[in-house]
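We number each residue from 1, following the sequence as shown. Both ligands and their constituent atoms are indexed starting at 1 by order of listing. This one's a predicted model, so the numbers in the text were calculated from it and none came from an experiment. Side chains included, hydrogens not; waters and symmetry mates left out as well; all remaining heavy atoms used.
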Amino acid sequence: MPSTDQTATASALPESRPGREWWRSAVIYQVYPRSFADADGDGIGDLPGITRRLPALKTLGVDAVWLSPFQTSPQRDAGYDVADYEDVDPLFGTLADFDTMLATAHALGLRVIIDLVPNHTSSDHAWFQAALAAGPGSPERERYMFREGKGSDGSVPPNNWESIFGGPAWNRVVEADGTLGQWYLHLFDSSQPDLNWENPWVWEQFRGILRFWLDRGVDGFRVDVAHGMVKAPGLPDYTPPEHGGSMGGGVPLEPEIGGHASVEPPTPPYWAQDGVHEIYRDWHKVLEQYEGDRVLCGEAWVEPLEKLARWVRPDEMQQTFNFGYLETPWDADALRHVIDRSISVFGSVGAPSTWVLSNHDVVRHATRLALTGENLQGHGIGPKTTGLPDPAFALNRARAATALMLALPGSSYLYQGEELGLPEAIDLPDSARQDPTWFRTDGERYGRDGCRVPIPWESGAPSFGFGPSAESWLPQPASWAAYARDVQQGVPGSTLTMYQDALAARAAHDLAFGTLDWFDLGEDVLAFRNGNVTVVANLGEAPVAAPAGEVLVSSGPLVDGTIPQDVTVWVANV
Ligand code: GLC
């Protein structure tokens, strides 16, 4: 492991100072390690692959990368089932590979955030194996959520909670003497037992895990299921409202997004309990002991935004994902509303607003924004889905949405492949699917594999340059040759060029620290000034006259000086 000193010497990280901390303005690129770049040719991406491709991310113009889990794991939920928090899974390489990747990123001026999964471990984790072996009433069982079943023989689960991936959230164990015994809670797959965050021992372990990675030099953590961890006392029964199938586990996002209501929906007893904030205050103090503005970014599916803002109070996390924005349909009124509220609500606690359109859990926005049917988060789409859009129409819309997002003040998250305009992979064969959602619902929900397909780098190479062989853990659609990075790099009008142009102009005009000044160009149009840049997004069918001035970014061609439907332009003010 390189010493912290060596890393610091080689670092080209830009300045971060009070009020202008790097995370207030950063564009953070999500790397999904299994699908980004494969150095050894086994069909699964790895850390050496990431290291080799980091220069491409520097060229793109992002400020930081966030890596989904690469730690030791049986991979039953693609690494979100961690069996050793302080080591690298051999699939992805070694700790030395991690250190090389981190040092390379820092030398390029890119910060690195890693995923931390504290709500649950893998059932293969030594802590869980010890809990099974030690039996009921033991301190080892107290690290997880073990309970007796109901009924005379304990055969009824302790409550009615359902797993986010479908099916019951409880699993019954066979005790050492061969009899059926206690049940353990798993809000996700049965291979992901929930930890008991009422237990100080668990707190101490996670402080140690944070320090392990902070000592290696990571710039922060994306905290998985940051609205979970603490459960309501007594674990009361709970039935989510109908259509509450999002990763929010029953929190319907529609009222806020469609109807502009800011009424708090009922809080499920397993999400957004007040106790989680104590954990983040504790972690905040751990991070504070390190130089360099280390961050916590919460994956919290919480609404309304007023409530979500509690995750980013000054002594808690620095950022939280804005899933209300991600789930807002392509509608001018709804977008303006969520943008204004985000800026005001996050601003009220001194936090930057964040923006995100895609990640490894949702249908890629180059498909999603033009779907006509209902699409609950995490349920996915596949060959039998109806209401699928024309890919070219959907890509235009996605580009317009990205150009809108990157003009907003605050910090934005990008998901690997969106800069290539990748659509969701819809026609994956059933036999290739790997998301536990698919198995736990007997194929009723396709799940998230369609957004996780390895990305194309070179159109003419095996696996489109994902790796040196033709192997790819999920099959890549043949049509993806046209999306490969090498056929887009430097090509005017390509999606990649649009992302590069937008990221460069965003930085040059300091848009992340700007303020929005809306003006009216009609019902289906979003128009605002952010500092010396005017941004117009046309969501309607009627063309809109483009503002005068130099065009900095255009998500699609202008037609006779007008902005057509689903095009966003940035113009330097005259
Ligand atoms: C988060 C992750 C998702 C994972 C789940 C359980 O929502 O983003 O991929 O399946 O947590 O860890």
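Near Arg448, with a cut-off below 4.0 Å to any heavy atom, the atoms of ligand 1 are 3 (C), 4 (C), 9 (O), 10 (O). Within the listing of ligand 1, atoms 2 (C), 8 (O) sit less than 4.0 angstrom from a heavy atom of Arg222. Heavy-atom proximity to Arg452, at under 4.0 Å, picks out these atoms of ligand 1: 9 (O). Counting the atoms of ligand 1 from 1 in the order shown, those under 4.0 Å from a heavy atom of His120 are 6 (C), 12 (O). Contact atoms of ligand 1 toward His360: 2 (C), 3 (C), 8 (O), 9 (O) (distance under 4.0 Å to a heavy atom of the residue).
Using cut-offs of 30° and 60° on the angle between ring planes, the pair Tyr446 and Trp438 is parallel. Ring geometry for His360 versus Tyr415: interplanar angle of 30 to 60°, hence tilted. Using bins of under 30°, 30° to 60° and over 60° for the plane-to-plane angle, the ring pair Tyr270/Tyr238 lands in the perpendicular bin.
Distances shorter than 4.0 angstrom do not occur between any heavy atom of Arg76 and any atom of ligand 1. Not a single heavy atom of His186 sits closer than 4.0 Å to an atom of ligand 1. Heavy atoms of Phe165 come nearer than 4.0 angstrom to ligand 1 in at least one pair.
Here atom 3 (C) of ligand 1 lies nearest to Asp361 when heavy atoms of Val225, Asp361, Asn359 are compared.
Classification of Glu306 and Arg341 as a salt-bridged pair holds, one side-chain N sitting under 4.0 Å from a carboxylate O.
A side-chain N or O of Asp219 and one of His106 form a donor-acceptor pair less than 3.5 Å apart. Side-chain atoms of Asp77 and Gln192 include a donor-acceptor pair closer than 3.5 Å.
Thr121 pairs with exactly one of Trp127, Tyr144, Tyr85 by the side chain to side chain donor-acceptor pair (under 3.5 Å) rule, that one being Tyr144.
An N or O contact shorter than 3.5 Å links Asp224 to ligand 1 by distance.
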